Amino acid sequence: MEIVRLHLARLGKFNDVPVHGFVIKHPRAGAILVDTGVGWPIELLKEWKVVNRHAADALAEHELSPADVKIVINSHLHFDHCGQNAIFKHAPFYIQRSELERARKHEKTTSEWFDFAGARFELLDGDAQIAEGVRVVATPGHTIGHQSVFVDTPDGAAVMIGDAAYTADIYRDADQADLSSWPGQHEDRGDWTRSLKKVQALQPHAVHFCHDTRVLAF
Ligand SMILES: [Zn+2]
């Protein structure tokens with residue numbers, strides 16, 4: 001299965017990091033999209049110095065359109081991971097139940113990005129298979145309902161880790177990582193460390209990041 005990285009935005013205020021989404025080109029289920037970038041209320045774009053892009057444009061670079069996306073998985077519901085969910089109204093959204101509960105309480109300014117009328121949620125409680133060779137692994141700690149996505153490839157499993165580690169360095173160093181310039185890496189440090197160790201123990205051969213262009217390969 002091919003994994004395509006989408007360039008959805010840059011966050012100028014946050015170490016000038018990229019915002020990536022990913023498409024898994026599944027031979028039977030169709031395109032599975034992991035995360036949808038930032039949406040469009042203007043104050044938030046200013047506050048975070050966002051250079052934003054339309055997901056449809058990012059998909060078009062890979063000869064895909066929103067209609068090709070049959071399933072959306074949100075790693076979590078921070079503003080830079082679910083902003084354009086409404087472009088994919090036709091698709092179900094696979095989200096951890098605890099994450100939707102958290103976001104409904106704490107993400108009021110962006111609630112219509114993920115909780116719009118007619119949004120079809122497939123709520124998960126922990127690890128789950130989404131399609132053949134595609135599964136989510138619960139990785140709480142960044143947020144309470146964070147999840148990472150594992151995909152079988154000919155070389156072994158690849159993981160789209162979401163924000164369980166912002167960067168390749170943080171992934172490698174885990175609880176020893178210097179997080180001084182990365183506020184918000186963990187809401188719960190204990191859970192976060194356990195989740196990173198859980199991902200590492202699954203021995204992915206490739207790790208894809210939402211906010212780092214590096215791809216770790218083992
Ligand atoms: Zn986040």
Side-chain angles (χ1 to χ4, degrees), residues 5-22 33-41 43-45 47-53 55 58 72-85 93-115 121 124 136-150 159-171 173-175 177-196 198-199 207-214 216:
R5 183 166 76 193
L6 303 179
H7 296 271
L8 296 175
R10 284 199 83 82
L11 301 182
K13 195 188 150 193
F14 191 62
N15 300 321
D16 198 28
V17 291
V19 176
H20 298 146
F22 297 91
L33 177 62
V34 181
D35 288 348
T36 66
V38 185
W40 261 275
E43 301 84 63
L44 201 142
L45 296 195
E47 183 193 334
W48 285 83
K49 298 196 170 98
V50 180
V51 180
N52 207 13
R53 297 187 69 208
V72 175
I73 302 171
N74 290 115
S75 62
H76 63 306
L77 296 172
H78 279 160
F79 76 92
D80 49 334
H81 296 263
C82 64
Q84 296 181 52
N85 274 21
F93 298 95
Y94 285 79
I95 300 171
Q96 293 289 319
R97 186 185 311 275
S98 55
E99 183 63 10
L100 185 59
E101 282 170 9
R102 181 199 68 77
R104 280 178 167 161
K105 270 190 220 136
H106 299 297
E107 309 284 354
K108 299 280 191 206
T109 55
T110 54
S111 63
E112 65 211 45
W113 290 0
F114 59 86
D115 212 6
F121 297 116
L124 306 171
V136 298
V137 169
T139 46
H142 176 68
T143 61
I144 193 168
H146 190 281
Q147 59 188 357
S148 303
V149 182
F150 278 76
V159 63
M160 282 146 279
I161 198 162
D163 279 358
Y166 285 140
T167 68
D169 293 338
I170 295 171
Y171 179 80
D173 298 343
D175 50 350
D178 176 6
L179 299 177
S180 51
S181 55
W182 299 100
Q185 176 61 91
H186 50 68
E187 227 167 48
D188 182 308
R189 184 162 193 135
D191 283 351
W192 174 73
T193 304
R194 273 189 290 281
S195 289
L196 261 189
K198 178 180 177 185
V199 172
V207 185
H208 299 270
F209 299 92
C210 284
H211 299 303
D212 190 344
T213 51
R214 287 174 289 178
L216 282 181

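Just so you know, ligand 1 is whichever comes first in the structure, and atom 1 is the first atom listed for that ligand. Predicted model only: the values in this text are computed from it and were never measured.
Not a single N, O or S atom of H81, from either the backbone or the side chain, sits less than 2.8 Å from the Zn ion (ligand 1). For the Zn ion (ligand 1), the N/O/S atoms of H142 include one lying under 2.8 Å. Among the atoms of H78, an N, O or S atom is found under 2.8 Å from the Zn ion (ligand 1). Here D80 does not reach the Zn ion (ligand 1): none of its N/O/S atoms is less than 2.8 Å from the metal.
Atom OD2 is the N/O/S atom of D163 found closest to the Zn ion (ligand 1).
The 12-atom threshold is exceeded at CD of E187, counting heavy atoms of other residues, nucleotides or ligands nearer than 6.0 Å. Other residues, nucleotides and ligands contribute more than 12 heavy atoms inside 6.0 Å of the NZ atom of K13. Around CD1 of I144, the count of heavy atoms belonging to other residues, nucleotides or ligands within 6.0 Å does not exceed 12.
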Inset, instruction - For the pair D163 and H211, evaluate side-chain hydrogen bond (donor to acceptor under 3.5 Å, both in side chains) and give the outcome as yes or no after the intermediate values. - result: CA-CA 8 Å; D163 279 358; H211 299 303; 3.2 Å; yes

Using ring-ring contact (aromatic ring centres under 6.0 Å, His included), reason through H142 and H76 one step at a time and then give a plain yes or no. CA-CA 9 Å; H142 176 68; H76 63 306; 4.8 Å; yes

